[in-house]
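Counting starts at 1 for both ligands and their atoms, following the listed order.
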Amino acid sequence: MNSKQNILLIYTGGTIGMMEDPESGSLVPFDFAQLRVHVPELRRFDCQIEAVSFDKPIDSSDVNIESWERMAQMIEVNYDHYDGFVILHGTDTMAFSAAALSFMLQNVAKPVIFTGSQLPIGQIRTDGKENLITAIEIASDTENGVPIVQEVCVVFQSKLFRGNRTHKYSTENFDAFESANFPALAEIGIHIQYRHDLLLKPNGPLTIRKAFDDNIGVLKIFPGISNSYVEGVLSIPGMKAFVLETFGSGNGPTDSWFLDALRSATSRGIIILNVTQCNKGMVEQGRYETSGAFEEIGIISGGDMTTEAALVKLMYLLGLNYNPVDLKRILLESISGERMSG
Ligand code: ASP
């Protein structure tokens with residue numbers, strides 16, 4: 001590790017920095033000074049570590065668009081002063097926030113590493129210390145003076161993942177995250193073994209865009225779904241886009257009422273992005289008859305994107321006010337490594 005690295009910890013909250021409230025017995029966030037008390041190892045790093053914190057640390061279930069803007073803002077104002085960033089975040093919505101930052105920070109040339117933990121850092125069996133220490137190590141790792149990681153990632157347990165490919169799959173395991181459709185960017189053992197061939201490289205100056213549009217929703221289909229439910233959801237006033245969570249490789253019912261409801265939505269200019277309910281694999285519209293009509297209706301294939309990445313990408317692109325033709329084209333492209341281009 002290079003001894004001259006400056007790392008900024010951005011503490012947003014989450015289990016890693018929680019303790020039991022003596023009155024209610026629930027886990028509540030504590031302030032960052034406590035974190036330093038619980039991780040004296042922070043003083044032993046060769047690099048310079050400084051920290052900033054949300055004024056009021058939050059459980060990540062309270063994360064919203066403003067929280068993403070605040071995280072991006074903290075990186076923006078500190079970008080030139082630090083070599084890498086570690087964002088301490090609750091696990092519940094970390095995949096969404098990592099996706100959001102990956103879109104907001106186009107051409108980021110420094111590591112932005114999200115991590116958190118399943119057990120609070122004050123508990124004896126905590127996974128938080130290891131995750132935090134590994135995240136700092138990766139955020140400060142360079143090769144020939146250049147950061148090895150130049151993208152937004154999640155470090156959890158023994159893996160470094162591309163942030164917008166992650167999904168929290170376990171409430172129980174210490175390895176709580178998976179990246180089912182994209183290999184880990186590093187395996188963390190005695191050595192940190194990077195997949196240099198997979199890591200993103202910037203191809204221009206950093207641009208930070210912070211506008212998101214929240215006029216979107218998720219329509220998850222299920223056997224027995226009713227006409228009134230589908231029509232009700234698709235006609236919510238003001239909605240601009242939906243993630244349609246479908247079966248298998250992108251399939252849905254062939255009932256005419258269902259296809260008519262989707263057709264009516266797309267003809268009103270509503271964007272519908274098809275992602276699979278399966279954890280692994282991708283949407284292939286037209287592979288089965290049950291997705292054949294989707295292409296003709298103008299539904300866009302989300303390919304191998306996670307629901308988290310698809311949802312946040314829609315919010316991000318709608319916030320940038322693209323015209324419908326460009327919006328559809330960019331949805332099919334990878335802009336931050338979030339999908340196979342389709
Ligand atoms: N509810 C917590 C959060 O997301 C869970 C965690 O951090 O693991 O903030």
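Taking only nitrogen or oxygen atoms, main chain and side chain alike, Lys168 does not reach within less than 3.5 Å of ligand 1. Note: no N/O pair closer than 3.5 Å links Ser61 and ligand 1 by distance alone.
Of the candidates Thr15, Asp92, Asp62, Ile16, Asp92 brings a heavy atom nearest to atom 1 (N) of ligand 1.
Close approach of ligand 1 to Asp59 is summarised as follows: ligand atoms under 4.0 Å from at least one heavy atom of the residue are 1 (N), 2 (C), 3 (C), 4 (O), 9 (O). Within the listing of ligand 1, atoms 7 (O), 9 (O) sit less than 4.0 angstrom from a heavy atom of Gly14.
Cation-pi geometry between Lys110 and Phe85 is not met: the NZ or CZ atom fails to fall both under 6.0 Å from the ring centre and inside 45° of the normal.
Heavy-atom distances between Ala176 and ligand 1 stay at or above 4.0 Å for every pair.
One distance of note links CZ of Arg162 with SG of Cys153; it measures 7.5 Å at 0.5 Å rounding.
The nearest heavy-atom contact from the protein to atom 8 (O) of ligand 1 is Thr91 OG1, 2.4 Å. Given atom 4 (O) of ligand 1, the protein heavy atom at minimum distance is Ser60 OG, 2.5 Å.
Residues Val312 and Trp68 are in side-chain contact: their nearest non-hydrogen atoms beyond the backbone lie under 4.5 Å apart.
Each of His167, Lys168, Lys313 was scored for a side-chain hydrogen bond (donor to acceptor under 3.5 Å, both in side chains) with Glu308, with one residue passing: His167.
Heavy-atom neighbours of Arg43 CZ from other residues, nucleotides or ligands within 6.0 Å: at or below the threshold of 12. Atom CD of Glu66 is surrounded by 12 or fewer heavy atoms from other residues, nucleotides or ligands within 6.0 Å.
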